[in-house]
Amino acid sequence: MTLLASAPEAETAPSLTAVTYQRVSTKEQAAKGGRDEGFSIPAQREANAHKAEALGARIVAEFVDAGESARSADRPDLQRMLDYIASHQVTYCIVHKIDRLARNRLDDVEIHRRLVEAGVTLVSATENIDETPSGMLLHGIMSSIAEFYSKNLATEVTKGLTQKFETGGTPMRAPIGYLNVRKRDEQGREYRTVEIDPERAPLVRWVFEQYATAERTVVDLLAEVTARGLTTLPTPKRASGPVARSGFFKILRNPYYIGIVRYKGAEQPGTHEPLIDIDTWQQVQTLLNARKIASERRRSHDHYLKGSLFCGTCGSRMQLDYPANKQGVRYAYYVCSGRASKRKNCTRRAVPVGVAEQLVADCYRDVAITEDEYTALTAQVEAAFDERLASRSQELAELTANRKRLQNESDKLLAAHFADAIDLDTLKRHQDRIRAGLADIDRRLASEHDQHEGSRKQLSTALSLLVDCANLYARTNEQGKRLANQALTNGIDISEDERATIRLAEPFAALTPEPTSTDVRCSSTSSIVEARGLEPLTSSLQSS
C-alpha cells in the first residue's frame, strides 16, 4: 500500500478522491525485464492515473499485489484496500480491468458489496462499467468471462504439463543438480528444457556414491556436503541456502536422478540425462529401506493393550518396548514410563506382553456377571426407573397440559386475526411468545424422555455386556479387545507383585459391587513366559 501526499493547496485539490489497485499473477511478471515491478504494474498505474484525471479525482492511495492470483480474495493489499475505504472518504476505486480485482464470481460479488457499503464506485480504466443497469450487466459479464478464462487457463496448463510428461519432459521444477533453462530451436521458437547443473551435479553424485558404501549416515553426509558447498537454487521467493534434512532425504529418494520423471503419482522415462547409474541407485534405496525398517521396529510399536495399562506402583502409564538380548533377538515388554524416563523413583520391573495379556483376560473373568445376577440387576434397574418416572409424572402432565393450552391459544389468535379482531403486528407478537413457550416445553419433554429412556437403555446394554464378557473378550480380535479396553475401563493397574486391578468406567462401575483384581501368580511369570515361547531378558531389563 502506498499513501500519496496531499495536494499543497487544499482549495485547489479535487474534491473527489480515488484509490487504485494494480495486480500481476506471478513473481516472474513482477520482476520482468530486471525491474522491481516489471512492465505490467507501471502500465496499469499509468492507465489508472489517466482515468482518475479524466474523472477529476485525486488519487490518495494505491495498492499493489505483485505475484498474487485473483482466484482468491485473500491477497494482502486487496484486504488493506478494503480496510482503507471502510475508514476513509473515498469516491472511486480504479482498476485497469475487472479481472485485476477478481477472477471468481463469488469474490467479485463480495468485493463489490464491500465497495458499495463504503460508498465507493468501482471504475475500470479500460471497460465501460458503472452503476447503471447496462453498466452492471457488463460488469457481470466481464466477471463471468474472467472466471471462465481463469478456470480454462488452469485446465489448459494441466493438459500441457501432462502432455509434456507423457513425452518425457519435466513438467515441474527440476531437483537439485539440474537447471531449468530456456532454449530456441532451429526455427527460432523458444522451448523449456533441463540441463545438468555444473556446480551442484558433482556434489549430488558424490552423495549417492558415498551413501551406497553403507559406511555413511544421512546426517553425516548432509553435514559434509553442506560444508562442500551444496545449496538450494534461488527462487523469486527464497534465496539460495543449505539443503534441509527433509529435502536431503527427498534427493536420495528421487528417481529423477536415474532418468525417471514422477508426476501426479505416475512415472515415465525422461529425456534428461541421468546423474546416477541404476546399480548405485538400487543400493541406496536398499540401505534406506533397511534403516527405515530398523528405526520403525524400535520406535513404532502397536498392541491392543497400549494406552490401557498403568503402573500400580507410581501410577505412570506403561509403555511398550522391544529390548534385545545378546543375540539381537527382540521381545515385547511393558515398562513403567515413569521409571523409563526417570521422572519417578519407581521400582516396577518390566512385564512381558504375554503376562500382561493374561492379567487383563483374568480381569474380565472376574468382572463378568452370571445370568442370574443379570436378571436381578435388570429388575432393580427397571424398578428404579419406574419409581423415578412415577415421581415425575405430575410435572410431565403439567408440561403436556401447558403445551395443549398454548396450541389452543395460537389457534384462537389466528382465528381472531382472520376475523379482523387483531392486527398483524399483535398476532406476530403473541405468536413469537407462544412459539418460545412451546419450544421450551418441547425441550424439557425431550430432555425427560432422553434421561429416562436413554439412561434405561444405556444401563441395560451395559448389563448385557457384562454377561460372559470374559469369553467375549477372549474370542474377539485385537481391534475388538482394544475397543473393549477403551470403552469398559478407565485403565488397568499392574502392581509390583503382578496383580492387575481393572478400573471400570461408568456405567459399568456402578453395576459391580466391588473393585475387582486378579492375581496370576498361581501360574507364575516364568511359566507364562515359557508357555508362550518367550525368553526372560533379565540382564537387559534390570536397568529398565
Side-chain angles (χ1 to χ4, degrees), residues 24-32 38 40 65-72 74-75 103 149-185 189-208 211 218 222 225-226 229-278 280-282 284-285 288:
V24 290
S25 298
T26 65
K27 295 293 184 185
E28 288 77 7
Q29 287 177 289
K32 199 167 186 179
S40 180
D65 278 315
E68 299 288 343
S69 171
R71 297 177 69 180
S72 169
D74 190 19
R75 285 166 267 152
R103 282 188 174 174
Y149 172 80
S150 178
K151 292 184 176 180
N152 185 65
L153 179 61
T155 301
E156 293 300 318
V157 168
T158 301
K159 186 190 301 181
L161 293 176
T162 302
Q163 179 64 29
K164 187 173 186 178
F165 165 71
E166 291 175 351
T167 57
T170 303
M172 68 283 186
R173 186 179 179 87
I176 296 175
Y178 291 91
L179 297 173
N180 294 90
V181 297
R182 297 171 184 262
K183 288 191 173 183
R184 293 187 179 275
D185 60 16
R189 295 172 299 188
E190 185 181 82
Y191 66 95
R192 298 183 182 185
T193 186
V194 171
E195 290 183 347
I196 290 179
D197 184 344
E199 178 185 348
R200 295 174 176 83
L203 293 173
V204 172
R205 285 198 193 97
W206 179 84
V207 166
F208 274 91
Y211 193 78
V218 172
L222 176 57
V225 79
T226 301
L230 182 64
T231 58
T232 61
L233 282 170
T235 68
K237 292 185 178 180
R238 185 177 300 174
S240 177
V243 179
R245 185 172 178 179
S246 60
F248 194 64
F249 272 102
K250 289 179 181 178
I251 290 176
L252 294 173
R253 288 291 194 183
N254 196 340
Y256 194 89
Y257 295 107
I258 56 171
I260 303 297
V261 180
R262 182 182 292 159
Y263 180 64
K264 292 187 175 181
E267 292 185 351
Q268 175 81 12
T271 57
H272 62 282
E273 181 182 347
L275 276 182
I276 312 299
D277 62 83
I278 297 295
T280 302
W281 164 263
Q282 292 294 353
V284 168
Q285 303 314 303
L288 287 172

Engineer: I'd like to check the side-chain hydrogen bond (donor to acceptor under 3.5 Å, both in side chains) partners of Arg262; sequence neighbours left out, ordered by chain and number.
Structural biologist: Glu267

Engineer: For Gln268, check side chain to side chain contact (heavy atoms under 4.5 Å, CB included) against everything at least two apart and list the hits.
Structural biologist: Phe165

Engineer: OH/Tyr191 to CZ/Arg182 distance, rounded to the nearest 0.5 angstrom?
Structural biologist: 13.0 Å

Engineer: Among all residues two or more places apart in sequence or in another chain, which pass the side chain to side chain contact (heavy atoms under 4.5 Å, CB included) test with Arg189?
Structural biologist: Asp185, Gln187

Engineer: Below 4.5 Å, heavy atoms only, C-beta onward: do Leu233 and Leu179 meet side chain to side chain?
Structural biologist: yes

Engineer: Taking only residues two or more places apart in sequence, or in another chain, which ones meet Glu195 in a salt bridge (charged side-chain N to carboxylate O under 4.0 Å, His left out)?
Structural biologist: Lys183

Engineer: For Arg173, give me all partners under salt bridge (charged side-chain N to carboxylate O under 4.0 Å, His left out), at least two apart in sequence or on another chain.
Structural biologist: none

Engineer: With Asn254, which residues qualify under side chain to side chain contact (heavy atoms under 4.5 Å, CB included), at least two apart?
Structural biologist: Pro175, Tyr256, Tyr257

Engineer: Under 3.5 Å, side-chain donor or acceptor atoms of residues 242-252 against the rest of the protein: list the pairs with distances, not counting sequence neighbours.
Structural biologist:
none

Engineer: Apply side-chain hydrogen bond (donor to acceptor under 3.5 Å, both in side chains) to Gln285 and list each qualifying residue two or more places apart in sequence or on a separate chain.
Structural biologist: Arg253

Engineer: Using the test side chain to side chain contact (heavy atoms under 4.5 Å, CB included), find all partners of Ser240 that sit at least two apart in sequence or belong to another chain.
Structural biologist: Arg200, Thr231, Thr232, Pro234

Engineer: Among all residues two or more places apart in sequence or in another chain, which pass the side-chain hydrogen bond (donor to acceptor under 3.5 Å, both in side chains) test with Asn180?
Structural biologist: none

